[in-house]
Amino acid sequence: MTASQQRIAPGRMMPPLQESSWVRWSLTAFSCSFLILFLFVPLVVVFTEALRKGFGAYWAGITDPTAWSAIKLTVLVVGISVPLNLVFGLAASWAIAKFEFWGKSLLITLIDLPFAVSPVVSGLIFVLLFGIHGWFGKWLDAWGLQVIFAVPGVVLATVFVTFPFVAREVIPLMQEQGTEQEQAALTLGANGWQTFWYVTLPNVRWAVLYGVILCNARAMGEFGAVSVVSGHIRGKTNTIPLHVEILYNEYNFVAAFAVASLLALLALVTLVAKTLVERRIHYSTSLEPTTVES
Amino acid sequence: MVWRLKKHSVLPGFGLTLGFTVFYLSLIVLLPLTALCLKSTSMGWPQFWETVSHPRVWASCRLTFETAATAALINAVGGFIVAWCLVRYDFPLKRIFDAMVDLPFALPTAVSGISLTTIYASSGWIGQWLARWDIKLVYSRWGIIIAMTFIGLPFVVRTLQPALEDLEKENEEAAACLGANRWQTFRFVIWPTIIPALLTGFAMAFARGLGEYGSIVFISGNMPMKTEIASLLIITKLEQHDLAGATAIAVILLVSSFVVLLCINLLQWWSSERVRGVA
């Protein structure tokens, strides 16, 4: 040990711990241009194309009645699917994080399953269930109900693709936090709901919010799954992304990009909110040990 | 010994929450996926094979796998350098660049699809430059690769970042003390440690590319046998009321993404075993 130190120390310079400056410089230049080329330019183009013919054309594209009905449908779909998956995520993480039971890891794997299913396949499985030749197709038809090529199908497909978002953010954090605080609350006479509401939920609130943000972004922007089940009926079953597709295929580029710019704005808001919440999560987990021990 | 499903706990609500979880999971996820499996098994092996071996199906599957692999490879190289710079170096606007990496997660695929098509079309920002050298990327296999690269980038960067942050500086210092130059330190100290994360990122980007639809349909041109991806062929088959054909292709996609998922799990198991072996 000392021999090798002596061998390096006096005569030779010790090899550097950093890359040489030209390597650093060229790697940084490469990554910045890679990110600008692949991420920044596509985002900017959405806005420049939308405003290509001035603000009037942009406004006309957004306020068009079919665009408006697509926006309303998207809000409806998000309003149903996000709360459903939020309730599911909280229930699942309570069951998984606070209890030890047989088959737990299988359950976690199954919850993540929708992430592994490609969007188009996610739409297809609902066609197989509720389509006219599907399992329940005849039965639904007899009752005069329509799921595929109608709003319920769009909602179902969206619920499926956004299924794991809240659960997978909340489960690890709740697992990390253990059950001591809840046990203390129960000993002090709180009932189950109070314990959950006043003890557990405040501890995981940022993770819940994080999951909801991601869930919301995906629910608003889902294209593949929804395009299989919606049937593209203008003004009825078109969500915002589907409306963008129709406008684009009709060579109505300004309107297409105008509507798309709403989604791009949503993406920007999502990114900012995500970054802020991430910082909160880091902050609260770095404070965790002191608050628990005190 | 009494065999129990659940360890005793004083906390309430197990029955309610687990019951709801399993019920909702079965309704939304398991039931539809079972329908897919049963539909494909009811088809029978000969019919399945007949559908899959059709030249158009075969071409689209091959195209999907090849382009997804190429895009994942581009992402592995580019994403590695990006992650390296974001973790190791300081440069202006670094935090904005860092936040931008998640854009493909947040931007709806249809938007990225029309945007990428506009950029690389022969009148677009980048396309018009490429047109001078007679390079045409849209409506070709390269367009698909561009879209898949866009979609897969965050997977590689976000898997690599924590791995690079966890590297202990002491190891590199030790290597330098022992006389290694920077390249040797990278090759023999850093590289072996981050290989599992890099492979995981590659696999995730690949899996995402296999199933991607929204951003590709705009840029690929959708020519049968040439630029028609598997997801699009599923939709085409559905529109022709060929449920069996659509199901067969869906099964191929589903099985391959499960295989990739399994590989990712094995990779993670392998890397944790390696860490345990060192410790």
Side-chain angles (χ1 to χ4, degrees), chain A residues 14-17 19 24 27-28 30-31 34-35 38-39 41-42 45-46 49 88 91-92 94-95 98-102 110 113-114 116-121 124-126 128-129 133 135 159-160 163 179 182-183 186 192 217 221 223-224 228 241 244-245 248 256 260 263-264 267 270-271 275, chain B residues 5-7 9-14 17-18 20-21 24-25 28-29 32-33 35-36 39 78 81-82 85 89 91 97 99-100 102-103 106-112 114-116 118-119 125 149-150 153 172-173 176 179-182 211 213-214 231 234-235 243 246 250 253-254 257-258 261:
Chain A
M14 198 180 91
L17 280 167
E19 292 77 34
R24 261 184 299 169
L27 286 181
T28 312
F30 173 84
S31 359
F34 192 76
L35 291 179
F38 270 100
L39 303 181
V41 172
V45 161
V46 174
E49 288 294 316
F88 161 74
W94 180 267
K98 304 296 180 193
F99 301 94
E100 289 299 323
F101 56 93
W102 183 85
L110 289 178
L113 208 55
V117 181
S118 77
V120 172
V121 179
L124 175 71
I125 55 179
F126 288 103
L128 291 178
L129 273 187
H133 302 292
W135 279 11
V159 170
F160 180 87
F163 184 84
T179 56
E182 282 79 9
Q183 285 172 8
L186 288 168
F223 179 73
V228 175
V244 170
E245 185 200 18
Y248 186 85
L263 292 171
T270 304
L271 283 187
T275 316
Chain B
L5 275 177
K6 166 191 167 251
K7 273 195 196 164
S9 165
V10 292
L11 298 185
F14 177 73
T17 51
L18 188 71
F20 177 70
T21 304
Y24 187 71
L25 178 78
I28 301 288
V29 178
L33 284 176
L36 180 74
K39 177 82 187 170
I81 298 176
V82 169
C85 293
Y89 305 147
F91 50 90
F97 277 114
M100 283 286 292
D102 281 325
L103 182 73
L107 196 67
T109 50
V111 180
S112 47
I114 61 171
S115 174
L116 287 171
T118 310
I119 297 167
W125 287 10
T149 311
F150 176 85
L153 179 67
E172 289 168 50
E173 281 164 12
N181 65 29
R182 199 57 200 156
Y213 171 73
S231 294
I234 293 180
I235 289 193
L243 263 186
L253 278 186
L254 202 62
S257 56
F258 283 159
L261 209 68

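Reminder, nothing fancy here: chain letters follow the sequence lines and each chain counts from 1.
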(message) Leu35(A) vs Met100(B), test: side chain to side chain contact (heavy atoms under 4.5 Å, CB included). Steps then yes/no.
(response) CA-CA 8 Å; Leu35(A) 291 179; Met100(B) 283 286 292; 5.8 Å; no
(message) Would Val29(B) and Phe163(A) count as a side chain to side chain contact (heavy atoms under 4.5 Å, CB included) here? Give the steps.
(response) CA-CA 8 Å; Val29(B) 178; Phe163(A) 184 84; 3.8 Å; yes
(message) Under the criterion side chain to side chain contact (heavy atoms under 4.5 Å, CB included), I'd like the reasoning laid out for Phe97(B) against Leu39(A): C-alpha separation, chi angles, the key distance, then a yes or no.
(response) CA-CA 9 Å; Phe97(B) 277 114; Leu39(A) 303 181; over 6 Å; no
(message) What verdict does the side chain to side chain contact (heavy atoms under 4.5 Å, CB included) test give for Leu254(B) and Val117(A), after you've listed the backbone C-alpha separation in whole Å, the side-chain angles of each residue and the deciding distance to 0.1 Å?
(response) CA-CA 6 Å; Leu254(B) 202 62; Val117(A) 181; 3.7 Å; yes
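Using bins of under 30°, 30° to 60° and over 60° for the plane-to-plane angle, the ring pair Phe88(A)/Phe20(B) lands in the tilted bin.
Considering every non-hydrogen atom in both Phe30(A) and Gly78(B), the closest pair reads CE2-CA, 3.9 Å. Of all the heavy atoms in Leu124(A) and Ala246(B), the pair that sits closest is CD2-O, 3.8 Å. Between Pro119(A) and Gly211(B) the shortest heavy-atom distance is CD-O, 3.3 Å. Minimum heavy-atom separation, Ala267(A) to Ala106(B): CB-O, 3.5 Å. Nearest heavy atoms, Phe258(B) versus Ala116(A): CE2-CB, 3.8 Å. The heavy-atom pair separating Gly192(A) from Pro12(B) by the smallest distance is CA-CG, 3.6 Å.
Contact count versus chain B (heavy atoms, under 4.5 Å) is highest, among Val120(A), Val46(A), Thr270(A), Val41(A), for Val120(A). Chain A forms more heavy-atom pairs under 4.5 Å with one residue of Leu107(B), Leu25(B), Thr109(B) than with any other, namely Leu25(B). For the set Ile81(B), Ile235(B), Leu243(B), the entry with the most heavy-atom pairs within less than 4.5 Å of chain A is Ile81(B). When Phe99(A), Phe126(A), Phe160(A) are compared by the number of non-hydrogen pairs under 4.5 Å with chain B, Phe99(A) comes out ahead. Interface summary for chain A: among Ala35(B), Ser257(B), Ser9(B), the most heavy-atom pairs under 4.5 angstrom belong to Ala35(B). Per-residue heavy-atom pair counts under 4.5 Å with chain A were compared for Thr149(B), Leu261(B), Leu116(B), and the maximum is reached by Thr149(B).
For a residue to count as touching a neighbouring chain, one of its non-hydrogen atoms must lie under 4.5 Å from one of that chain's; by this rule Leu253(B) touches chain A with the side chain only. Heavy atoms closer than 4.5 Å to chain B are found in both the backbone and the side chain of Phe38(A). For Thr275(A), the part sitting under 4.5 Å from any heavy atom of chain B is the side chain, from C-beta outward, and nothing else. For Glu49(A), the part sitting under 4.5 Å from any heavy atom of chain B is the side chain, from C-beta outward, and nothing else. When heavy atoms are compared at a cutoff of 4.5 Å, Leu186(A) approaches chain B solely by way of its side chain, counted from C-beta outward.
Phe101(A) pairs by the ring-ring contact (aromatic ring centres under 6.0 Å, His included) definition with Phe14(B), not counting sequence neighbours.
Between Thr17(B) atom OG1 and Lys98(A) atom NZ the span is 11.5 Å, to the nearest 0.5 Å. One finds the CG atom of Leu11(B) at 5.0 Å from the CH2 atom of Trp94(A) (value rounded to the nearest 0.5 Å). Distance CZ/Phe91(B) to OG/Ser31(A): 6.0 Å, rounded to 0.5 Å.
For the pairing with Leu33(B), the side chain to side chain contact (heavy atoms under 4.5 Å, CB included) check across Leu110(A), Leu113(A), Leu128(A), Val121(A) returns one residue only, Leu113(A).
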